[in-house]
Amino acid sequence: MALGDCWKQLSWFYYQYLLVTALYMLEPWERTVFNSLLISVAAMAIYTGYVFMPQHIMAILHYFEVVQ
């Protein structure tokens, strides 16, 4: 029962995503291309943040002399 409710909730969120981004008007292959590009850009942003943010944070902390 809980798995069915979870699936129903995820389907509702996906439907809302389609409505808000107006992807419901696209062909299925166009929707796949758009979602692939969106996931790729989000993954690159997360990776870049994970790799470079600690260096920038440490530089800021050194600049303000919070860390010696």
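The basis for the numbers below is simple: all heavy atoms, side chains too, and nothing from hydrogens, waters or symmetry mates. Being a predicted model, the structure only gives us computed values, none of them experimental.
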List the steps, then state whether side-chain contact (heavy atoms from CB on, under 4.5 Å) holds for W12 with K8.
CA-CA 6 Å; W12 185 79; K8 188 183 289 188; 5.9 Å; no
Would you please test N35 and Y17 for side-chain contact (heavy atoms from CB on, under 4.5 Å) and show each step?
CA-CA 11 Å; N35 287 331; Y17 163 72; 2.5 Å; yes
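Taking the side chain as every heavy atom from C-beta outward, L38 and T21 never approach each other to under 4.5 Å. Residues Y14 and L23 are not in side-chain contact: their nearest non-hydrogen atoms beyond the backbone lie 4.5 Å or more apart.
Closest of all the heavy-atom pairs between H62 and V67 is ND1-O, 3.2 Å. When all heavy atoms of L18 and Y24 are compared, the closest pair comes out as O-CD2, 3.4 Å. A pairwise comparison of heavy atoms in P54 and G49 identifies CD-O, 3.9 Å as the closest pair.
Using modelled atom types, no side-chain atom of Q55 and backbone atom of F52 make a donor-acceptor pair closer than 3.5 Å.
To the nearest 0.5 Å, the span separating CE on M25 from CZ on R31 amounts to 10.5 Å. The CG atom of L61 sits 13.0 Å away from the NE2 atom of H56 when rounded to the nearest 0.5 Å.
Cluster membership check: I60 shares its hydrophobic cluster with Y63, using side-chain heavy-atom separations under 4.5 Å among Ile, Leu, Val, Met, Phe, Trp and Tyr. V51 and M44 sit in two unconnected hydrophobic clusters of ILVMFWY residues. Membership requires side-chain heavy atoms under 4.5 Å apart, directly or through other members. Hydrophobic clustering, with ILVMFWY side chains joined whenever heavy atoms are under 4.5 angstrom apart, keeps L10 apart from L3.
For E65, the CD atom is loosely surrounded, since the number of other residues' heavy atoms within 6.0 Å does not exceed 12.
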